[in-house]
Every structure is written in structure tokens, then in C-alpha cells.
Amino acid sequence: MLLVQHIRDHYDQVLLGLKKRNLVHADTALQQVLALDELRKSSQTQRDQLQAEANTISKEIGILMKEGKTVEATAVRDRSAVLKNQIKELEEQHEQAEVELKALLYTLPNVPYEAVPAGKSAEDNEIVLTHGEIPILPEGKLPHWELIKKYDIIDFDLGVKIAGAGFPVYKGKGARLQRALINFFLDQALAAGYMEVQPPILVNEDSGYGTGQLPDKEGQMYYATEDKLYLIPTAEVPITNLYRDVLVNVSDLPIKNVGYTPCFRREAGSWGAHVRGLNRLHQFDKVEVVQITHPDHSYEALEQMSSYVQGLLQQLELPYRVLRLCGGDMGFTSAMTYDMEVYSAAQERWLEVSSVSNFETYQANRLKLRFKGEDKKSQLAHTLNGSALALPRIVASILENNQGPDGIRMPKVLQPYLGFESI
RNA sequence: AGAGAGUUGGGUGAGUGGCUGAAACCAACAGUUUGCUAAACUGUCGUACGGGUUAUACUGUACCGGGGGUUCGAAUCCCCCACUCUCUGCCA
């Protein structure tokens, strides 16, 4: 959530930023934010003054009562009744301004960082770099959804029986590949200085608001109505919310956490072409890294996280490219996002396997995640996160890119985890 | 799931209608003392939103799990909700 103070002080910059996101009514919305804030402040000032008078009167009454001056006390009490009504009115005005202000702020996305390119859609994303050779596959190459059948390692039909479409069952070497990837990713993150956490995979409503899934994205999450809990769409939600309402010491920054969780997405309305096999699922596995940093260092951290993820892809011997998302394609809460895409050689497509973002103070403001600096004042921290990595599309590209007449070769780094060299 | 107890500042914990934004202790911070460390002593020490100021100072209001109510006045009384703990039941 944007800070009103920031909108007030950097109006033009915020406006320009929101326009980069192609937000049509940005100017109107920002003007309205300022107007509501003014109303909020003026009604508070008036209310506080009256309340101060009322408080004084109450004390006087107390003293009069003690002295047994009942008549005088009654007279003062009448004045108090008048004040009470006025206060109530101002209070309502104040509260309404606050509620409307908050509702409006919830509809405003984060302001993009200056380096974010303008643009409307994925077409306009900037390709930062491309790495690795695209393998030339022999005749008869198969897409991964054929390969998993041929080698009987992932079974979608069984998943349909148990849950439904988009809930695959991993079997034999397929299951072991999952486990190997998860362990490999976690071990790598540990080596890079992240602390491992195992968070709940169901979260309450407050957590959904904290990281920005709510309000608005509730349709994308599975919801357990009986207990009012959401299944997490990403470990970002529980891990970042560990720091909701937390005041950390500046010396503790940066905080670096990593966690493996399954992720659940309803993906309502997004099924169609290009979502075969592992390309899009309702349940998938992901290792997520989260950082909480000092505002001065968050973009360094973003670059760090980006190269960290690239390191993983290099070790897995997958050709990839890095995109800097344009204003129109970036997530609601992000100030800048890099997407990592691997090349899946049988589908002949780039597949997004990671998204690394800096949210600056946008989430921290909602979370009330602050740190106490050297000047003893508390200020909002910056939050970042990235997939490191999401499994299904990694599996898809490993299977496709490494297929050969004698089976599917496994990347060297995974072999110690797998206990076999090929499928 | 049933019964009971509880939720107070960074922590422990007092406080049952006005003198309590809140004792005391601990932690933290600053200073004094000290060859260093430690100890001792003194002081500071919640948050949010306003007013005010170049910025401080100063000042108002609110906040004792959340919401509502009673009252001139609520941490304190009443109602609803959430959460925690204990016992019983069930169970990986």
C-alpha cells in the first residue's frame, strides 16, 4: 500500500509511475487520496479539541462529586452531553474518511522503479540477457507430456481421480526427481546464507492482506470456508508474514529466509492453449527466497537474488533468459521484477520459472514491518522475494532438453540427490 | 468437540470505575565512576494520528487482544468475536 505522505511529497513522481502501469484514472485517484486525507486530518483536529474539553469536564465532575457539590456537578454534566453529540458526529466523519481512504489505497498498485521500462504487455518486457546453448534435439523429440507417459514418471490421470485436473501424481523416478530438486534448491540457498523455515501452508485473512493477495485476488486462492483459511499460492505469503507487526533491529538486516512449500492456485479462467502437461498446475512445488532489507540496499539485494537464481539455472545446465518486466506486465505489489525463463526445447518455448521482485515499502506498509535505525526512529523496511525455484517447468525443460535415444540424462548436480544418472 | 482460566508496554508482571499511559523488576540506551572488563549509581526509555516548529521544543487525541455497550468518566463493569493455556475426549 502506498504511503499518503509519499504521495503528498512526490506527487508528480507517483503519478508518472502509475501512468507507466497504464492506470487510467491515476490523476483522479491521487487527487481523491489527498482530499480524503485532508478531510481525515481536519475532522481529527476538531474532534481532538472537543474531546480535550470533555476530558477536562469529566475531571471537574469527579472533583465536585467528591466535595459533595452535586448541583454544580449536574450543571457541568449538561455541557458534557452537548459535547458528546458533537464529538460523535466528527468521529463518524473521521472514520468514514479513513475507511474510504484505505479502500482507495488498496486499489492503487506499487509505483514502478525508475529502471522499469514502459509498456503494456509481456511483448514489451526487456530481455536483459540470454544464457546457454539451445540444444538441438534429434528426430522424434517428444514434449514432456509425452515423455512422462513413455517413462511412466508423472501421471495426470491418476491425479484426476484423486483430486482433479492440474494435480499430478509423481511416481518412481519422477517423485525422486521432485525430492532431489527440492533438496538441491534448499541446500543451495543455505549455502548462500538463507535460513530455512517451514511455514504453514494455510494462512488467515490478515496474512493475505499483508502481502497483497487480498483484497482482489481471492478468486485465485483455494479457501477453506469452515475455518476461514486460504491455501497459499506461494510461500511468499506465510514467510513474509512472519514479519508482520514486527520491529526489527537495523543490525539484523538483511533477513534472508528460504522455504519449500507446495503452492496452490485455482488459475480460474487461465486455462487454454499452451497449458498442457506441467506448464500450468493447481498444485506445484516451489522453493522461495525472501529478503527483508534496509531501503538503501534493496536493489543490491534484488541483483543478488537475480544472480543467485541464474546460478541455479546454470548448474542445472538449462538455457535461460532474464527479463525485466515492463510497467504493464508487473505484479500489483512490485516495484521491479525480473522474470527468469528457461527454454524448453521440444515445445520450443520459453517458460517462466522464477520471478524475483522488490516490493520496496509496499508490503512493509501493510505488514507494519519496520526497523529501528541508528537515529532510533522506526521506518519501513523493504521486502523482496523470488522463486528459487518453481519445480514443474524446470522438470519439463530438463526432460525435454536432455532426452536422447537411451533415455533422459539428469543434470550432474542432481545425481548425488537422485541416486541415478538417467531416466 | 466439552468444561474452566486467561490475553496489560521489548520481556516478566501489578493494577476492579476518576490521583493510571499505566507500579515494580528485567532488558535496552545515555552519562558518572573505573587501568580494561564487570559491578554500582544517575537519567532516558511505548505506538499511532493530529496541532505546532526550518528542525527541535512544546502540545492534543487515541490505544491495556479486536469490536460494541453502560457511565459525566472504563485497563477496571456488561455483550459479541478472536486467540492462548489447563483438564476431559479424539488423534498423526
Could you note down all residue pairs passing salt bridge (Lys or Arg N to Asp or Glu O under 4.0 Å) where [range] supplies at least one of them, sequence neighbours left out?
range: residues 27-55 of chain A; answer: Arg8(A)-Asp37(A), Asp37(A)-Arg40(A), Glu38(A)-Lys41(A), Arg47(A)-Glu91(A), Glu53(A)-Arg79(A)
range: residues 164-178 of chain A; answer: Asp152(A)-Lys171(A), Asp155(A)-Lys171(A)
range: residues 288-314 of chain A; answer: Lys286(A)-Glu288(A)

In whole Å, measure the gap between the P atoms of C25(B) and G18(B) for me.
24 Å
List in chain and number order the residues that pass ring-ring contact (aromatic ring centres under 6.0 Å, His included) with [X], two or more places apart in sequence or in another chain; answer none if no residue qualifies.
X: Tyr260(A); value: none
X: Phe420(A); value: none
X: Tyr362(A); value: none

Could you pull out the protein-nucleic contacts involving nucleotides 73-78 of chain B (nitrogen or oxygen on both sides, under 3.5 Å)?
from   : atom 1 : to       : atom 2 : distance (Å)
G73(B) : O4'    : Ser58(A) : OG     : 3.3

Look for any protein N or O under 3.5 Å of an N or O in nucleotides 63-66 of chain B and output each such pair with its distance, or none.
none

Partners meeting side-chain contact (heavy atoms from CB on, under 4.5 Å) with Ala192(A) (sequence neighbours left out):
Tyr194(A), Tyr308(A)
Just to verify, what does Gln178(A) make a side-chain contact (heavy atoms from CB on, under 4.5 Å) with, not counting sequence neighbours?
Tyr170(A), Asp285(A), Leu391(A), Val395(A)
Each base of RNA chain B marked ( ) or [ ] if paired in-strand (Watson-Crick or G-U under 3.5 Å), | if paired to another strand and . if unpaired gives ((((((((.[[[..)..(.....]]].(((((.......))))).((((((......)))))).[[[[[..)....]]]]])))))))....
Derivation and outcome, side-chain hydrogen bond (donor to acceptor under 3.5 Å, both in side chains), residues Thr45(A) and Ser42(A)
CA-CA 5 Å; Thr45(A) 304; Ser42(A) 63; over 6 Å; no
Measure from the ring center of Tyr106(A) to the ring center of Tyr209(A) and say whether it is less than 6.0 Å.
yes
Would you indicate which nucleotide in U47(B), U61(B), G50(B) comes nearest to any side-chain atom of Arg370(A)?
U47(B)
Ordered by number, residues from residues 42-49 of chain A within less than 4.0 Å of RNA chain B (heavy atoms) are Gln44(A), Thr45(A), Arg47(A), Asp48(A)
